[in-house]
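Residue numbers begin at 1 in each chain, while the letters A, B, ... track the order of the sequences.
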Amino acid sequence: MPELPEVEVVRAGLAPAVTGALVIGVTVLDERALTRHAGGGADFESRLTGRVVSAAARRGKFLWLPLRSETDGAPSDEAVIGHLGMSGQMLLRAPGAASERHERVRIDLAHPAHGELSVVFADQRTFGSLAIDDLIATPDAAPGGYGWDEASVPAQVAHIARDPLDPAFSDAGFRRALARKDSAIKRVLLDQTVVSGVGNIYADESLWAARIHPETSARALPTRAVNRLLGEVRHVLEKALAEGGTSFDAQYVNVNGQAGYFAHSLNAYGRTGEPCPRCGRPIVRVSFTNRSSHFCAHCQRVPRPAVDGPGTAHV
DNA sequence: GGAATAACCTGGATGC
DNA sequence: TGCATCCAGGTTATTC
């Protein structure tokens with residue numbers, strides 16, 4: 001389940017290998033990997049071949065490789081965007097390497113320093129996708145994402161909020177967004193237009209660390225609790241990033257096919273029935289909007305229902 | 001307009 | 001052993 005740390009590990013692995021490389025060939029093996037691309041496989045192949053990759057960038061869970069032409073040196077106005085979905089992988093392989101299981105797209109590159117190599121997009125569940133998209137200006141004039149200094153972002157990524165590790169992320173804007181949301185805090189954490197990069201695993205871990213019940217109303221959270229939560233989100237993401245991300249099986253790996261080990265550091269997610277590391281009571285799992293929430297019912301108390309009536313304070 | 005829900009998809013785990 | 005069913009979850013279109 002690639003979330004921000006897993007995607008950042010992939011981006012960091014791709015960057016030195018692809019920056020400055022010329023695309024010398026593209027093979028689309030499964031067009032389901034191009035659900036975000038306006039044209040078909042042939043269009044994807046022809047538009048990408050002959051371009052030069054300027055960088056490897058990321059915002060939240062979206063990756064993109066800005067493209068420029070081989071000769072004119074003009075600024076990048078398009079990019080290959082990629083989302084790993086549930087099970088997507090970006091693998092670096094030697095030229096002519098055997099096909100990967102669930103391989104969907106292969107991009108062959110010639111790098112001026114490293115020679116030829118291939119970027120293989122493999123995806124078991126086909127929720128991930130690639131596309132070529134226009135770069136548009138960021139409304140705040142800040143760099144579009146991590147690994148990209150230009151104030152531009154792919155059009156399909158423009159609606160995605162900045163992630164909490166982005167220097168241009170606005171804490172005040174996050175607090176204002178929560179104050180407007182009449183939804184459970186966990187649902188808001190998973191809303192990529194409010195804060196990006198957080199998925200089910202890190203939402204559960206951050207809420208556990210901040211001692212906030214996942215069904216607490218976002219707008220009912222006091223400012224102090226919001227600040228505590230934001231701090232824990234950042235702490236959890238940074239720690240997971242330092243440990244190479246979370247891998248439960250072979251579905252999340254870095255560009256070399258290696259797993260991360262943050263799964264050993266999880267306190268709540270996937271630990272149903274195990275003792276809470278804080279109080280020793282069992283972690284519980286409940287269904288939550290088509291997925292699961294894991295939390296400690298003792299440390300993360302159920303929010304008291306709002307009561308309308310005389311004497312009730314409203315904010 | 002905001003919030004909630006369903007659908008997309010594959011393979012491993014589980015039950016019979 | 002083989003088959004059917006359930007489950008995992010990020011994004012987005014649809015519905016309320």
For [X] and [N], give me the distance from atom [atom1] to atom [atom2], rounded to whole Å.
X      : N      : atom1 : atom2 : answer
A:F127 : C:dT11 : CZ    : C1'   : 9 Å
A:D191 : B:dG1  : CG    : P     : 16 Å
A:I185 : B:dA3  : CD1   : C1'   : 15 Å
A:R291 : B:dC8  : CZ    : P     : 16 Å
A:E31  : B:dC8  : CD    : P     : 19 Å
A:E6   : C:dG10 : CD    : P     : 10 Å
A:L190 : B:dA3  : CG    : C1'   : 14 Å
A:D204 : C:dG9  : CG    : P     : 8 Å

Look at the side chain of [X] and decide which nucleotide, out of [options], has an atom nearest to it.
X      : options               : result
A:H102 : B:dC8, B:dG11, C:dT11 : B:dG11
A:F62  : C:dG10, C:dT11, B:dA3 : C:dT11
A:R285 : C:dA8, B:dA3, B:dC9   : C:dA8
A:S183 : B:dA3, C:dT12, B:dG11 : B:dA3
A:Q124 : C:dG9, C:dT11, B:dT10 : B:dT10
A:N200 : C:dG9, C:dT11, B:dG11 : C:dG9

According to a strict under-4.0 Å criterion, is [X] in side-chain N/O contact with OP1 or OP2 of [N]?
X      : N      : answer
A:K181 : B:dA3  : yes
A:R32  : B:dT10 : yes
A:S292 : C:dA8  : yes
A:H159 : C:dT11 : no
A:R125 : C:dG10 : no

Do the side-chain N and O atoms of A:S196 and A:D163 include a donor-acceptor pair separated by under 3.5 angstrom?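 Side chains of A:S196 and A:D163: no pair found under 3.5 Å.
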Could you tell me whether [X] contacts a base, only the sugar-phosphate backbone, or nothing, with contacts defined as non-hydrogen atoms closer than 4.0 Å?
X      : value
A:R187 : base
A:T35  : nothing
A:D123 : nothing

Donor-acceptor contact below 3.5 Å, side chain A:E205 vs main chain A:Y269: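 Answer holds: yes.
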Side-chain ion pair, A:R47 and A:E78, N-O less than 4.0 Å: yes
Lys/Arg-Asp/Glu bridge criterion (N-O < 4.0 Å) met for A:E3, A:K61: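 Salt bridge: no.
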Cation over ring, A:R278 on A:W208, under 6.0 Å and within 45°?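 Verdict for A:W208: a cation-pi partner in A:R278.
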Distance, nearest 0.5 Å, that separates CG of A:L229 from CG of A:L178: 7.5 Å
